[in-house]
Amino acid sequence: MSTLPMITGLLSVPRLRVQNANAISSPFTWGFPAITAFTGLAQALERKLAGSLDLQFEAVGVVCHHYQAQTSGAYTQGFHLSRNPVDKDGATAAIVEEGRIHLDISLLFGLTGEALAAPGEQLPELARQVTDTLHGMRIAGGSVTPPLPGRRRPAPQLMTLSEDETERLKQFRQLRRSLLPGFALVSRDDLLQSHLAALRASQPQTDLFDAWLDLSRINHAPHWQEQADPAGGEPRRTLEWRSQRGHSQGWTVPMPVGYGALSPLYPAGSVANARDGHTPFRFVESLYSLGEWVSPHRLHDVGQLLWYADDDTASGLYRCRNDYAATLEIED
């Protein structure tokens, strides 16, 4: 398995207000944009800056401070959809809208490139230049909006990471203060594997998809309680249904992490109606795993927060990875 690319700098863009981002992250999940939306944002930002700055965006981390899903309903949630103009026959136009969500997020980019060699006094201006470009882009389909009246948007921070391990950890500890309060999305592939092993102990036919579904829902199980009879008779038994998540503590969520190949890799331009005729093409489906929202103050290294792309053309896996779980294993 690949590991986080070596990064030499960090760019923190705090408190971005994003309006009408895509809340449907995959055919099975909703509630927050897919992590591929943020890795795609990093690649798009790198391309926009290619003519002016030598910066490579190797990884990205996302911290959510507040969200407001555009839904209503007590038990069954329904998305708020706009009323589109009717067609020429007076009927409702066949437009399938995306579910929307308003976000207050902070982004942390892992960087490499010659621009990081600039003198320290020039780094704040470079950070503003990158952030101004970011403000004009779409984030998960949503628009970046100005801060609320009476509030000032915090300044971005661009820093060159020290080569000394202790100093790098100190730099991250100082940087993560600007990410509080909030919750960072990290990968928990390890919980999915351990839960699969636990289920197979009683149900050998269980597969990974069964384990993922079991972790994605709130299960209810019966619990019998015995109460002594004051008169000395037989104890009375009462049944109580309790909700249980069935795994370790934490705010865990099902999430898409990339794509798996469904077809061979076709040469560029050989598939009709492809969006890009200059890039090889293949059909894919979503890949799913488990994530966890953790407070940034519980992260001890920047590698625990950052997500990076891992593409294996031979096996047909194109997915985003995060080293949070691997770091926990090393610490244990």
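For reference, positions follow the sequence shown, starting with 1. Just so we're clear, the structure is a prediction, and the values are computed from it rather than from any experiment.
- Between Leu10 and Gly110, the shortest heavy-atom contact is CD2-CA, 4.0 Å.
- The cluster map of Ile, Leu, Val, Met, Phe, Trp and Tyr, joined by side-chain heavy atoms under 4.5 Å apart, puts Val18 and Leu148 in different clusters.
- Proximity of Glu240 to Pro222: side-chain heavy atoms (C-beta onward) are nowhere separated by under 4.5 Å.
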Practice prompt. Could you give me the CA-CA distance, side-chain angles and deciding distance for Ser12 and Gln157, then say whether side-chain hydrogen bond (donor to acceptor under 3.5 Å, both in side chains) is met?
Written response: CA-CA 5 Å; Ser12 174; Gln157 300 181 56; 5.0 Å; no
Discussion item. What verdict does the side-chain hydrogen bond (donor to acceptor under 3.5 Å, both in side chains) test give for His135 and Arg153, after you've listed the backbone C-alpha separation in whole Å, the side-chain angles of each residue and the deciding distance to 0.1 Å?
Written reply: CA-CA 12 Å; His135 289 165; Arg153 178 175 288 157; 3.3 Å; yes
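- Side-chain contact between Thr133 and Leu49 is present, with at least one heavy-atom pair separated by less than 4.5 Å.
- Cluster membership check: Met137 shares its hydrophobic cluster with Leu158, using side-chain heavy-atom separations under 4.5 Å among Ile, Leu, Val, Met, Phe, Trp and Tyr.
- Here the straight-line distance linking atom CZ of Arg15 with atom CG of Leu107 works out to 12.5 Å at 0.5 Å rounding.
- Within the 4.5 Å cutoff, the side chain of Leu290 has no heavy atoms near those of the Val253 side chain.
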Worksheet entry | Step-by-step side-chain hydrogen bond (donor to acceptor under 3.5 Å, both in side chains) determination, Asp189 to Ser187 | CA-CA 6 Å; Asp189 295 351; Ser187 174; 3.1 Å; yes
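- In this structure, His195 NE2 and Leu208 CG are separated by 11.0 Å, a value rounded to the nearest 0.5 Å.
- Using a 4.5 Å cut-off on side-chain heavy atoms (C-beta onward), Leu161 and Phe172 make no contact.
- Environment of CD in Gln205: crowded, with over 12 heavy atoms of neighbouring residues, nucleotides or ligands closer than 6.0 Å.
- Listed for the Asn22 side chain is no donor-acceptor partner under 3.5 Å among the backbone atoms of Arg100.
- Salt-bridge formation is not detected for the pair Asp104/Arg17: no Lys NZ or Arg NE/NH1/NH2 atom is positioned less than 4.0 Å from an Asp or Glu carboxylate oxygen.
- Distance alone, capped at 3.5 Å, is enough to place a donor-acceptor pair between the Ser26 side chain and the Thr29 backbone.
- For the pair Lys170 and Thr166, the minimum side-chain heavy-atom distance is 4.5 Å or more.
- With hydrogens and angles disregarded, a donor-acceptor distance shorter than 3.5 Å links the side chain of His65 to the backbone of Pro181.
- Looking only at side-chain heavy atoms (C-beta outward), Leu11 and Leu108 stay at 4.5 Å or farther from each other.
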Discussion item. Would Asp310 and Arg319 count as a salt bridge (charged side-chain N to carboxylate O under 4.0 Å, His left out) here? Give the steps.
Written reply: CA-CA 5 Å; Asp310 176 23; Arg319 63 161 297 176; 6.0 Å; no
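- Between Phe38 and Trp307, the ring center distance fails the sub-6.0 Å criterion.
- For the side chain to side chain contact (heavy atoms under 4.5 Å, CB included) criterion with Leu196, the lone passing option out of Leu191, Thr206, Leu215 is Thr206.
- Note: Asp164 CG to Gln171 CD = 9.5 Å, rounded to the nearest 0.5 Å.
- For the pair Asp132 (side chain) and Gln129 (backbone), a donor-acceptor distance under 3.5 Å is absent.
- Trp251 places no side-chain N or O within donor-acceptor distance of the main-chain N or O of Val294, the cut-off being under 3.5 Å.
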Practice prompt. Show the numbers, then the answer: is there a side-chain hydrogen bond (donor to acceptor under 3.5 Å, both in side chains) between Ser143 and Arg138?
Written response: CA-CA 5 Å; Ser143 304; Arg138 293 275 187 170; 3.0 Å; yes
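- Panel note: side chain Gln77, backbone Gly73; a donor-acceptor pair is recorded below 3.5 Å.
- The main-chain N or O of Gln19 is never found under 3.5 Å from a side-chain atom of His102 such that the two would form a donor-acceptor pair.
- Gln56 and Asp54 share a side-chain donor-acceptor pair at under 3.5 Å.
- Here Arg176 does not pair with Asp301 in a salt bridge; the nearest charged N to carboxylate O distance is not below 4.0 Å.
- Of the possible polar contacts, none joining the Asp323 side chain to the Gly303 backbone as a donor-acceptor pair under 3.5 Å is found.
- Residues Cys320 and Tyr308 have side chains not in contact (no heavy-atom distance under 4.5 Å, counting atoms from C-beta outward).
- Under the 4.5 Å side-chain contact rule for hydrophobic residues, Leu185 and Leu180 do not share a cluster.
- Salt-bridge annotation for Glu165 and Arg168: absent, with no side-chain N of the basic residue lying under 4.0 Å from a carboxylate O of the acidic one.
- The nearest pair of heavy atoms linking Ala184 to Leu305 is CB-CD1, 3.4 Å.
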Worksheet item: After noting the C-alpha distance and the side-chain angles of Leu103 and Ile101, does the key distance pass the side chain to side chain contact (heavy atoms under 4.5 Å, CB included) rule?
Response: CA-CA 6 Å; Leu103 299 170; Ile101 186 172; 3.8 Å; yes
Practice prompt. Check the pair Thr160, Leu123 against side chain to side chain contact (heavy atoms under 4.5 Å, CB included), reporting the backbone distance first and the verdict last.
Written response: CA-CA 9 Å; Thr160 302; Leu123 293 181; 4.2 Å; yes
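- For the pair Ser194 (side chain) and Asp190 (backbone), a donor-acceptor distance under 3.5 Å is present.
- Taking the six-membered ring for Trp and thresholds of 30 and 60 degrees, Phe109 and Phe57 have ring planes more than 60 degrees apart, a perpendicular arrangement.
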When the side chains of residues 279-288 are checked against the rest of the protein, which donor-acceptor pairs come out under 3.5 Å, sequence neighbours left out?
residue : atom : partner : partner atom : Å
Thr279  : OG1  : Asp276  : OD2          : 2.6
Arg282  : NE   : Ser263  : O            : 3.2
Arg282  : NH1  : Thr313  : O            : 3.3
Arg282  : NH1  : Tyr318  : OH           : 2.7
Arg282  : NH2  : Ser263  : O            : 3.3

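- Heavy atoms only, all atoms of each residue included: Gln304 and Asn322 are closest at O-ND2, 3.1 Å.
- Atoms NE2 and NE2, from His220 and His223 in turn, are 10.0 Å apart once rounded to the nearest 0.5 Å.
- Atom OG1 in Thr8 sits 8.5 Å away from atom CD in Glu58 (nearest 0.5 Å).
- Rounded to the nearest 0.5 Å, atoms OG1 (Thr71) and CZ (Phe79) are 6.5 Å apart.
- A continuous path of Ile, Leu, Val, Met, Phe, Trp and Tyr side chains, each step under 4.5 Å between heavy atoms, connects Trp241 with Trp224, placing both in one hydrophobic cluster.
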Worksheet item: Could you walk me through whether Ser178 and Leu175 pass the side chain to side chain contact (heavy atoms under 4.5 Å, CB included) check?
Response: CA-CA 6 Å; Ser178 63; Leu175 182 62; 4.2 Å; yes
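- When all heavy atoms of Leu41 and Leu134 are compared, the closest pair comes out as CD1-CD1, 3.7 Å.
- Scanning both residues, Ser270 and Pro267, for their nearest heavy atoms gives OG-O, 2.6 Å.
- Grouping the Ile, Leu, Val, Met, Phe, Trp and Tyr side chains by contacts below 4.5 angstrom, directly or via other members, places Val60 apart from Tyr259.
- Of the possible donor and acceptor atoms, none in the side chain of Glu167 sits under 3.5 Å from a partner among the backbone N and O of Glu163.
- The two residues Ala34 and Ser25 make their nearest non-hydrogen contact at N-CB, 3.6 Å.
- Residue Tyr67 places its OH atom among 12 or fewer non-hydrogen atoms of other residues, nucleotides or ligands, all under 6.0 Å distant.
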